[in-house]
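One structure below.
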Amino acid sequence: MEVERQQLSVEEEVAILSRGAEDIFPEGELENKIRQAREEGRPLRVKLGVDPTATDLHLGHLIPVLKLRQFQELGHQAVLIIGDYTATVGDPSGRNKARPQLTHEEVLENAKTYTDQLFKILDESKTEVHYNGEWFSKMSFQEVIQLLSRMTLARMLEREDFANRMREQSPISLHELVYPLMQGYDSAMVRADIELGGTDQKFNILVGRDIQREFGQSPQVGICNPILIGIDGTEKMSKSLGNIIGLNDPPNEMFGKTMSIPDELMRMYFEQITPVSLAEIDELMKGIQTGTHHPRDVKRRLAMEVVRRFHGDDAATKAAEEFDRVFAQQELPEDMPEVVLERARLEDGRIWIVRLIVTAQFAGSNAEARRLVQQGAVKIDEETITDDSYDWPARDNAVLRVGRRRFARIRLQD
RNA sequence: GGAGGGGUACCGAAGUGGUCAACCGGGGCAGACUGUAAAUCUGUUGGCGUAGCCUUCGCAGGUUCGAAUCCUGCCCCCUCCA
């Protein structure tokens, strides 16, 4: 890859790195940065900061990471910042209320699983990793004051998220105001040439430029990718909204979730997550409009690309076959979770249907399970059960189905 | 510190002594229709083997036959003044 980079023109390199980016600022500066780095015979230092606030990463987290990998593939220096200190503050970007504050211990616990997942994408051996506690833990109060003096309240309150909260008369805690400064300080500490992030990071990245200037550094260039919309098609992908495709989702689930996104999202997913060329994406999208491609088939391709990226070729092919079998041909999936029933729990060899559903974890309470039965969502061996007092004569290998997509194979055990 | 407003289920929001497990909207779930898409329509949305009970309207007490609703204390948020 690095050899190839030498052969690329600056313009070509800019084009590659701009793919899928919604905002690069200041305009034209990316090109200058690349030129300058070439003259100095060094790679660009490309910063991405992540706060390990959760353990389960999803596709949305990954967009800037994939961008970072692009840089890495072109021989630039990836600088990953684990925000062990920033995470205890909580990024207010795009929020309408303060984030819950995590303890430092919680953050460090999350960090491990977090980086494990990131290094499925990034080349670990070529990534410079910093915890921002490296510098924040050593800062004196005087230095903190010095840092705070770089920002004015007015500028802070101009931000859309804070402005909204002011207008809605909802609280803004002072610690939230510090966050952008911390993130900006990170940029100065690692001497970033480029900082990556979602479009909601624009403000924070701009603050980084100010602080770098303060330290006599040339200010970084920001590259912002769009915020990935979740599978509900309206809100940004976020665990609390339950609209995520998780990195650790098994292939079939990943495939199925991708198939359930609204058509309008296909382009975004293709561009942001898959390596499919822009030309081909255009062709696919045009095909849908002119009717030469069925939207379903294009989405099937997308789902395969997504699964391939995280689980490999074989898994993608299998997931697609499974999907066709279950939903196109209405057959049962090949693999499904097993629910073990101990014979001792049965009464006269029977089990109450509601209990069965709860045992299979398809409902959180008897009442919920009962509702599902009453609504005709429950099938055993494809036969609908509508009587919520039904005692099912348990049989090994039977298939319990709840709703359209949840299946479990029943295993009897002594 | 002073004055006023407010805290209701996943979110928003009604409800000011019983008819309130709490109107309505959004979201979620399920069914119909489909391409497991979107849109639309319908149902459902605290728990308990369903029968009445139990727990829930910021927290803790109190008044009352009866409290989301009244009283007292506490916590938190917003606005104006300082």
Side-chain angles (χ1 to χ4, degrees), chain A residues 95-98 100-101 162 164-174 176 229-245 249 252-270 284-285 287-289 291 293-303 306 319-333 336 345-348 350-359 361-379 384-392 400-407:
Chain A
R95 305 276 301 188
N96 58 11
K97 61 176 82 158
Q101 286 185 262
F162 285 145
N164 286 342
R165 284 162 71 176
M166 286 295 278
R167 181 154 26 78
E168 285 157 19
Q169 307 194 334
S170 62
I172 301 171
S173 296
L174 287 185
E176 297 184 73
I229 303 293
I231 58 176
D232 60 356
T234 49
E235 303 288 337
K236 75 170 187 178
M237 187 174 280
S238 127
K239 191 177 183 190
S240 58
L241 295 174
N243 61 0
I244 66 169
I245 297 178
D249 281 349
N252 289 349
E253 201 174 328
M254 206 175 246
F255 194 98
K257 282 182 177 175
T258 307
M259 287 304 286
S260 77
I261 65 169
D263 293 356
E264 300 74 62
L265 252 50
M266 279 198 273
R267 173 180 282 275
M268 181 185 227
Y269 276 60
F270 264 119
L284 289 169
M285 294 302 129
I288 291 177
Q289 286 195 328
H293 294 310
H294 192 294
R296 182 198 50 224
D297 297 332
V298 175
K299 206 181 281 177
R300 187 173 183 279
R301 167 79 191 282
L302 172 66
V306 170
E321 284 168 3
E322 182 91 338
F323 184 85
D324 292 342
R325 175 164 48 241
V326 177
F327 297 106
Q329 292 156 41
Q330 303 282 323
E331 289 172 25
L332 291 174
M336 57 184 106
R345 288 189 58 197
L346 305 177
E347 292 168 36
D348 291 335
R350 289 169 174 266
I351 182 170
W352 182 31
I353 183 69
V354 166
R355 180 155 294 137
L356 179 66
I357 294 163
V358 173
T359 304
Q361 298 187 321
F362 288 158
S365 66
N366 286 6
E368 190 185 341
R370 201 187 286 270
R371 259 178 251 129
L372 287 166
V373 174
Q374 286 163 355
Q375 291 178 129
V378 177
K379 291 183 172 130
T384 306
I385 311 289
T386 48
D387 177 6
D388 62 26
S389 62
Y390 180 63
D391 290 313
W392 176 60
L400 170 70
R401 177 175 194 174
V402 173
R404 274 166 297 185
R405 54 211 294 182
R406 287 179 289 177
F407 299 86

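Protein chains get the first letters and strands the later ones, always in sequence-line order, with residue 1 at the start of each. Side-chain atoms are counted along with the backbone in the values below, which use heavy atoms only and exclude waters and symmetry mates. All values derive from a computational prediction rather than experimental measurement.
Taking atom P on both B:G49 and B:C33, the two are 33 Å apart, rounded to the nearest angstrom. A gap of 14 Å separates the P atoms of B:C11 and B:C57, to the nearest Å. Comparing the C1' positions of B:U8 and B:U69 gives a spacing of 11 Å, expressed to the nearest Å. Separating the C1' atom of B:A21 from that of B:G46 is a span of 7 Å, rounded to the nearest Å. For B:U19 and B:U34, the P atoms lie 45 Å apart once the distance is rounded to whole Å. For B:G27 and B:A13, the C1' atoms lie 14 Å apart once the distance is rounded to whole Å. Look at the C1' atom in both B:U79 and B:A68: the space between them is 25 Å, to the nearest Å. Separating the P atom of B:G52 from that of B:G6 is a span of 40 Å, rounded to the nearest Å.
The shortest heavy-atom contact between A:Val373 and A:Ile353 is CG2-CG1, 4.3 Å.
In this structure a side-chain-to-backbone donor-acceptor pair under 3.5 Å is missing from A:Asn96 to A:Asn164. When atom types are taken as modelled, the side chain of A:Arg406 and the backbone of A:Phe362 share a donor-acceptor pair closer than 3.5 angstrom. With A:Arg165 contributing its side chain and A:Pro171 its backbone, the two residues share a donor-acceptor pair below 3.5 Å. Side-chain atoms of A:Ser365 come within 3.5 Å of backbone N or O of A:Glu368 as a donor-acceptor pair. For the pair A:Lys299 (side chain) and A:Pro262 (backbone), a donor-acceptor distance under 3.5 Å is absent. For the pair A:Arg350 (side chain) and A:Asp391 (backbone), a donor-acceptor distance under 3.5 Å is present.
The separation between A:Met266 atom CE and B:A38 atom P is 12 Å, rounded to whole Å. Distance A:Tyr269 OH to B:A38 P: 12 Å, rounded to the nearest Å. Between A:Lys239 atom NZ and B:C10 atom C1' there is a gap of 16 Å when expressed in whole angstrom units. Atom CZ in A:Arg301 sits about 19 Å away from atom C1' in B:G35, given to the nearest Å. Between A:Gln169 atom CD and B:C76 atom C1' the separation is 16 Å, expressed in whole Å. Rounded to an integer number of Å, the gap from CZ of A:Arg370 to C1' of B:U44 is 15 Å. For the pair A:Glu176 CD and B:C77 C1', the interatomic distance rounds to 13 Å; values are reported in whole Å. Computed from coordinates, the A:Phe270 CZ to B:A37 C1' distance equals 14 Å when rounded to whole Å.
Ranking B:U50, B:G35, B:U79 by closeness to the A:Pro295 side chain, first place goes to B:G35. Of the candidates B:C77, B:U50, B:G35, B:G35 carries the atom nearest the A:Lys299 side chain, counting heavy atoms from C-beta on. Comparing atom distances between the A:Pro171 side chain and each of B:G49, B:C77, B:G35 picks out B:C77 as nearest.
Between A:Val354 and A:Tyr390, every side-chain heavy-atom pair lies at or beyond the 4.5 Å cut-off. Annotation: side chain of A:Val298 is in contact with side chain of A:Met285 (closest heavy-atom distance under 4.5 Å). Considering only heavy atoms from C-beta on, A:Trp392 stays 4.5 Å or farther from A:Ile385 through its side chain. Between A:Asp324 and A:Arg300 there is a side-chain heavy-atom pair separated by less than 4.5 Å.
Residues A:Gln374 and A:Ile231 both approach RNA chain B. Their nearest nucleotides, taken by heavy-atom distance, put A:Ile231 toward the 5′ side. Each of A:Tyr390 and A:Glu264 was matched to the nucleotide of RNA chain B holding its nearest heavy atom; the match closer to the 5' end belongs to A:Glu264.
Among the atoms of the strands shown, none is found under 4.0 Å from any heavy atom of A:Arg300. Among the protein residues, A:Asn252 comes within range of no part of the nucleic acid, since none of its heavy atoms lies under 4.0 Å from any strand. If you check every strand for non-hydrogen atoms under 4.0 Å, A:Asn366 touches sugar and phosphate atoms only.
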* Could you walk me through whether A:Lys257 and A:Glu253 pass salt bridge (charged side-chain N to carboxylate O under 4.0 Å, His left out), step by step? => CA-CA 6 Å; A:Lys257 282 182 177 175; A:Glu253 201 174 328; 3.5 Å; yes
Distances under 3.5 Å between protein N/O atoms and the N/O atoms of nucleotides 53-57 of chain B, please, pair by pair.
none

Every protein N/O lying under 3.5 Å from an N/O of nucleotides 25-34 of chain B:
{"residue": "B:A30", "atom": "OP1", "partner": "A:Arg406", "partner atom": "NH2", "Å": "3.4"}
{"residue": "B:A30", "atom": "O2'", "partner": "A:Gln375", "partner atom": "O", "Å": "3.3"}

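Of the nucleotides present, B:C59 is the one that pairs with B:G73 by Watson-Crick or G-U wobble criteria, both distances under 3.5 Å. Look at B:G12: its Watson-Crick or wobble partner, with both distances under 3.5 angstrom, is B:C24. Across all strands shown, nothing is found opposite B:U34 as a Watson-Crick or G-U wobble partner with both distances under 3.5 Å. Under the Watson-Crick or G-U wobble criterion, with both distances below 3.5 Å, B:A3 is paired with B:U79.
Applying the 4.0 Å criterion to OP1 and OP2 of B:A37, one finds that A:Ser260 has every side-chain N and O outside that range.
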